[in-house]
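In what follows, a structure is listed as structure tokens, so that the remarks can point back to it.
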Amino acid sequence: MCFVAAGKMGNEGEPCDVVIVGARCAGAPLGMLLAERGYTVEMIDRNPAGTDTVSTHWIRWPGVQQLRAWGLVPALEKTGCPPIDRASLDFEGRVITGAPRAGGAKATTYAPRRIELDAMLVAQARAKGARLRERFAVTGLLVEDGRVAGVRATGPDGPADLRARVVVGADGRNSTVARLVQSPVLEDRGILARSLYGYWSGVTEPGVRVVFRGRCGISLWPTNNGLCVVSLVFPPDQAPGSGRTAPAEFYTSSLREVPEVKQALANADLVSEPRAAAVRNARRQAHGPGWVLAGDAGHHKDPVSAQGISDAFADAGVLAGALDAGLSGSVGLDQALAGYATTRDAQRLAAFAYTCEQAELRPFGADFLDDVARSAADEQAAAAFVNTFVGCEAPADADTDADAGWLGESH
């Protein structure tokens with residue numbers, strides 16, 4: 001464990017309850033939930049609130065339900081993010097379409113720009129009383145009697161020691177906190193797929209559209225400001241060549257090779273340079289003496305399953321409850337953090353294995369494609385397929401031969 005002694009220089013006074021490093025989809029909701037329970041919370045982030053970041057954008061139904069439970073769906077809609085009420089899934093020309101439903105009502109999802117989503121989450125946390133220090137970078141840990149007791153960070157006004165009963169690393173897959181506490185990597189499947197995405201104007205898709213051809217997947221999601229984010233997922237061995245313009249050329253040419261996508265973008269303009277992502281599928285130990293990891297800092301997987309934002313929200317909800325129990329003295333703090341880690345793994349391990357399988361992007365088998373075609377012709381089976389795609393419970397009496405997973409059984 002890398003640390004500095006808990007000294008006087010830049011000390012910010014009495015310890016707060018929690019320091020959260022990273023104020024995005026895991027850290028900001030956690031700060032909000034703890035502050036509204038009455039805990040003193042310091043959130044720090046190396047970037048200003050609302051800075052853009054590489055993201056899959058889509059908040060699947062479980063994540064939307066979490067936002068709804070927190071009362072934040074209206075705030076999200078105020079950002080101008082359009083609702084997604086329909087889905088079209090094209091597997092080598094076999095197309096399943098539908099409007100997902102949950103509990104008899106529309107299961108609306110969203111694909112917001114992170115500049116809007118993250119800023120909204122931070123604003124909600126601050127409204128509840130959490131403090132945010134922007135442009136603050138962690139440089140070390142404060143350790144007392146073998147326990148993490150805070151962080152040393154540096155910002156616009158110089159270095160500062162921020163003491164806390166617990167330090168939360170919610171600072172992404174390249175987490176500084178995870179590195180400093182030397183959190184063991186429990187499983188590492190490596191990089192299995194790569195992706196490029198860009199923003200387009202003039203796309204008139206009514207919902208989400210996903211098209212699979214060969215070993216590539218293309219997704220179209222309506223997002224803020226009348227734009228559509230178009231993502232290309234492909235195997236690492238099909239990566240663009242070298243040169244500054246190679247990624248953009250590979251991206252646009254790959255989209256045009258699929259007639260259905262070319263038609264959808266016929267009157268559209270690419271208004272941004274494509275952004276690249278290559279995510280290792282790995283999970284770390286979630287907690288230790290005085291520290292705990294949330295969101296991508298402790299568990300990250302390929303964006304092909306689009307679960308990262310929803311997983312971050314789930315971590316925030318579970319960890320807030322665990323920290324409340326531990327900080328209030330209802331249970332021992334270490335016991336509470338261990339309980340969070342157990343819950344996190346129970347929620348993630350199956351999805352982690354599934355995502356890794358899907359990220360291999362193996363070609364679809366003939367049997368699966370036949371099942372998709374049969375499901376497309378059956379209204380109830382199609383509804384079950386689309387529901388599972390967005391993360392809703394499929395109708396209990398639905399009878400479908402096709403595996404309604406994100407990419408299907410043979411990928």
Side-chain angles (χ1 to χ4, degrees), residues 1-31 34-35 39-54 114 118-119 121-122 125-126 130-185 280 282-300 312 315-316 319 323 327 333 337:
M1 183 182 295
C2 300
F3 67 94
V4 294
K8 297 290 187 183
M9 188 182 73
N11 196 287
E12 295 294 305
E14 292 300 313
C16 63
D17 291 311
V18 182
V19 165
I20 302 173
V21 182
R24 292 188 181 271
C25 287
L30 178 62
L34 291 173
Y39 295 103
T40 54
V41 179
E42 291 271 6
M43 304 186 302
I44 63 175
D45 200 295
R46 64 172 59 250
N47 296 306
T51 302
D52 206 1
T53 187
V54 173
R114 293 295 296 272
D118 293 356
L121 293 172
V122 164
R126 297 175 85 169
R131 180 175 178 178
L132 172 67
R133 297 170 185 256
E134 300 173 285
R135 301 184 178 89
F136 258 71
V138 172
T139 58
L141 300 175
L142 308 179
V143 177
E144 295 178 346
D145 299 324
R147 298 184 66 86
V148 173
V151 299
R152 172 158 289 179
T154 186
D157 298 323
D161 287 0
L162 304 180
R163 301 167 61 85
R165 297 171 67 186
V166 180
V167 171
V168 178
D171 46 344
R173 62 182 183 270
N174 297 315
S175 170
T176 298
V177 174
R179 175 176 56 81
L180 290 175
V181 300
Q182 299 177 7
S183 172
V185 175
R280 299 190 71 84
R283 58 187 183 91
R284 291 181 176 274
Q285 181 174 308
H287 75 103
W291 62 268
V292 63
L293 304 177
D296 281 352
H299 186 291
H300 48 269
D315 278 5
L319 183 53
L323 286 171
L327 294 171
L333 181 56
L337 296 182

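Start at 1 with the first residue, then count along the sequence.
- By the 4.5 Å heavy-atom criterion applied to side chains, Val151 and Ile44 are counted as neighbours.
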Q: Apply the test side chain to side chain contact (heavy atoms under 4.5 Å, CB included) to residues Trp291 and Ser183: give CA-CA distance (whole Å), side-chain angles for both, the deciding distance (0.1 Å), then the verdict.
A: CA-CA 10 Å; Trp291 62 268; Ser183 172; 3.8 Å; yes
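- Atoms OG and NE2, on Ser175 and His300 in that order, are 10.0 Å from each other to the nearest 0.5 Å.
- No more than 12 heavy-atom neighbours from other residues, nucleotides or ligands sit within 6.0 angstrom of CZ on Arg46.
- Counting heavy atoms from C-beta outward, Leu132 and Val122 have side chains that approach closer than 4.5 Å.
- Put simply, the residue from Asp296, Val138, Leu293, Val21 that forms a side chain to side chain contact (heavy atoms under 4.5 Å, CB included) with Asp171 is Val21.
- Summarising the geometry of Pro15 relative to Ala164, their closest heavy-atom pair is CB-N, 4.1 Å, with the distance given to 0.1 Å.
- Across all non-hydrogen atoms, the minimal contact from Ala294 to Val168 is CB-CG1, 4.3 Å.
- The two residues Val41 and Gly31 have their closest heavy-atom pair at CG1-CA, 4.0 Å.
- Once rounded to the nearest 0.5 Å, the distance linking CZ of Phe136 with CG of Leu162 reads 6.5 Å.
- Applying salt bridge (charged side-chain N to carboxylate O under 4.0 Å, His left out) to Glu42 and the options Arg126, Arg165, Arg133 leaves one that passes, Arg133.
- Look at Arg24 and Asp118 and you find a salt bridge, because one of the NZ, NE, NH1 or NH2 atoms lies within 4.0 Å of a carboxylate O, short of that distance.
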Q: Start with the C-alpha distance between Val166 and Val148, add both sets of side-chain angles, then the distance that settles side chain to side chain contact (heavy atoms under 4.5 Å, CB included), and finish with yes or no.
A: CA-CA 7 Å; Val166 180; Val148 173; over 6 Å; no
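- Looking at heavy atoms from C-beta onward, Val181 lies out of side-chain contact with His287 at the 4.5 angstrom threshold.
- Rounding to the nearest 0.5 Å gives a distance of 10.5 Å between CG of Leu34 and CE of Met43.
- In this structure, the separation between CG on Leu180 and CD on Gln182 is 8.5 Å, given to the nearest 0.5 Å.
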Q: Evaluate side chain to side chain contact (heavy atoms under 4.5 Å, CB included) for Leu323 paired with Leu337, printing each intermediate quantity in order.
A: CA-CA 7 Å; Leu323 286 171; Leu337 296 182; 3.7 Å; yes
Q) Can Cys25 and Arg114 be said to form a side chain to side chain contact (heavy atoms under 4.5 Å, CB included), step by step? A) CA-CA 9 Å; Cys25 287; Arg114 293 295 296 272; 3.4 Å; yes
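- Minimum interatomic distance between Ala26 and Ala316 (heavy atoms only, all atoms of both residues): O-CB, 3.7 Å.
- Of the possible donor and acceptor atoms, one in the side chain of Thr139 sits under 3.5 Å from a partner among the backbone N and O of Arg152.
- The distance from the CZ atom of Arg284 to the CZ atom of Arg173 is 12.5 Å, given to the nearest 0.5 Å.
- Between Ala178 and Ala297, the closest heavy-atom pair is CB-O, 4.2 Å.
- The two atoms that bring Ala130 and Ala35 nearest to each other are N-CB, 3.6 Å, heavy atoms only.
- Atoms CG and CZ, from Asp45 and Arg135 in turn, are 10.5 Å apart once rounded to the nearest 0.5 Å.
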